[in-house]
Amino acid sequence: MNRDKAIEIINLYFESWMEKDFHKFIKVMHNEAIVRECTGAVIAGKDELRRWF
């Protein structure tokens with residue numbers, strides 16, 4: 001992945017949170033994505049991410 005593509009994905013991720021746009025959020029997530037919260041919580045996979053979002 002090149003730098004421009006990485007920046008695009010990161011921007012889309014943050015935009016999805018700011019706009020509360022799940023469709024934008026899920027576009028940048030891999031089927032087996034893992035999100036680690038600062039609280040220590042771990043959310044894995046698109047199904048869990050959907051509930052979490």
Side-chain angles (χ1 to χ4, degrees):
M1 173 184 314
N2 67 34
R3 184 179 189 278
D4 290 338
K5 185 65 176 171
I7 290 170
E8 177 186 338
I9 290 170
I10 292 166
N11 285 335
L12 196 56
Y13 174 83
F14 284 109
E15 283 174 19
S16 73
W17 280 104
M18 293 170 62
E19 298 169 7
K20 296 177 178 43
D21 184 337
F22 177 75
H23 296 290
K24 210 179 254 193
F25 172 77
I26 210 67
K27 276 176 46 176
V28 298
M29 290 295 150
H30 185 275
N31 287 335
E32 298 174 20
I34 297 173
V35 173
R36 296 180 192 278
E37 286 277 28
C38 60
T39 61
V42 177
I43 302 92
K46 277 192 174 179
D47 290 336
E48 274 193 49
L49 288 168
R50 184 174 284 111
R51 288 189 293 274
W52 171 70
F53 188 86

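Start at 1 with the first residue, then count along the sequence. Note that the structure is a prediction, hence the values are computed from the model and not measured.
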Any salt bridge (charged side-chain N to carboxylate O under 4.0 Å, His left out) pairs touching residues 44-53, not counting sequence neighbours? D47-R50

Grouping I, L, V, M, F, W and Y whenever their side-chain heavy atoms are under 4.5 Å apart, do M1 and Y13 come out in a common cluster? yes

Could you tell me how the ring of W17 sits relative to the ring of F53: parallel (under 30°), tilted (30 to 60°) or perpendicular (over 60°)? tilted

Once side chain to side chain donor-acceptor pair (under 3.5 Å) is applied, do any residues pair with E32, and if so which ones, sequence neighbours excluded? none

To the nearest 0.5 angstrom, please state how far the CD1 atom of I34 sits from the CG atom of L49. 9.5 Å

From CG (D21) to CD1 (I26), nearest 0.5 Å: 11.0 Å

If you count the non-hydrogen atoms of other residues, nucleotides and ligands that lie under 6.0 Å from CZ in F22, is the total more than 12? yes

Measuring from atom CD of E8 to atom NZ of K5, what distance do you get when rounded to the nearest 0.5 angstrom? 4.0 Å

